[in-house]
Amino acid sequence: MNKKTLSELTNEELLIEKKKLKKRKITNALIIGFLAGIVGFGIVAWILGSKKNLIAFLLPMIFPIYFIYLIIKKSKNDKDLEIVLKERNLN
């Protein structure tokens with residue numbers, strides 16, 4: 001949703017969106033934690049491993065790092081909803 005449509009919503013609809021936002025934040029935090037754990041495990045395994053092939057290390061690590069980036073970038077769009085909620089004192 002963009003800011004224009006958010007400003008057109010009623011207070012009840014905004015409160016529903018606020019509940020969805022809270023669930024999204026929790027889900028995103030769990031996914032980011034899981035992906036960060038994968039990256040951390042990969043780093044430790046690479047450090048402790050006998051073969052130090054950088055390409056074999058970086059290739060699988062690109063995917064979790066990229067997904068973390070996408071989640072963080074998408075969550076910045078939720079700031080508009082928080083701004084509209086503050087403007088209407090629906091915190």
Side chain to side chain contact (heavy atoms under 4.5 Å, CB included) involving L21 - partner list, sequence neighbours excluded: R24, K25, D78, L81, E82
Distance-only criterion, 3.5 Å: show the donor-acceptor pairs between side-chain atoms of residues 45-64 and protein atoms not counting sequence neighbours.
residue	atom	partner	partner atom	Å
K52	NZ	W46	O	3.0
K52	NZ	I47	O	2.3
K52	NZ	G49	O	3.3
N53	OD1	I55	N	3.3

Hydrophobic cluster of I26, others only, ordered by chain and residue number, side-chain cut-off 4.5 Å: L30
Shared hydrophobic cluster for I72 and L70 (ILVMFWY, side-chain gaps under 4.5 Å): yes
I65 reachable from I32 in the ILVMFWY side-chain graph, under 4.5 Å edges: no
Of all pairs that satisfy salt bridge (Lys or Arg N to Asp or Glu O under 4.0 Å), the ones with a partner from residues 29-44, not counting sequence neighbours: none
Salt bridge (Lys or Arg N to Asp or Glu O under 4.0 Å) pairs, two or more places apart, involving residues 31-42: none
Residue pairs involving residues 64-91 (criterion ring pair (Phe, Tyr, Trp, His ring centres under 6.0 Å); sequence neighbours excluded): none
Contacts of R88 that satisfy salt bridge (Lys or Arg N to Asp or Glu O under 4.0 Å) - sequence neighbours left out: none
Exercise: identify the closest heavy-atom pair between I68 and A36: CD1-N, 3.9 Å
Set of salt bridge (Lys or Arg N to Asp or Glu O under 4.0 Å) partners for K20, sequence neighbours left out: E17
Shared hydrophobic cluster, V39 / I71 (ILVMFWY, side-chain heavy atoms < 4.5 Å): no
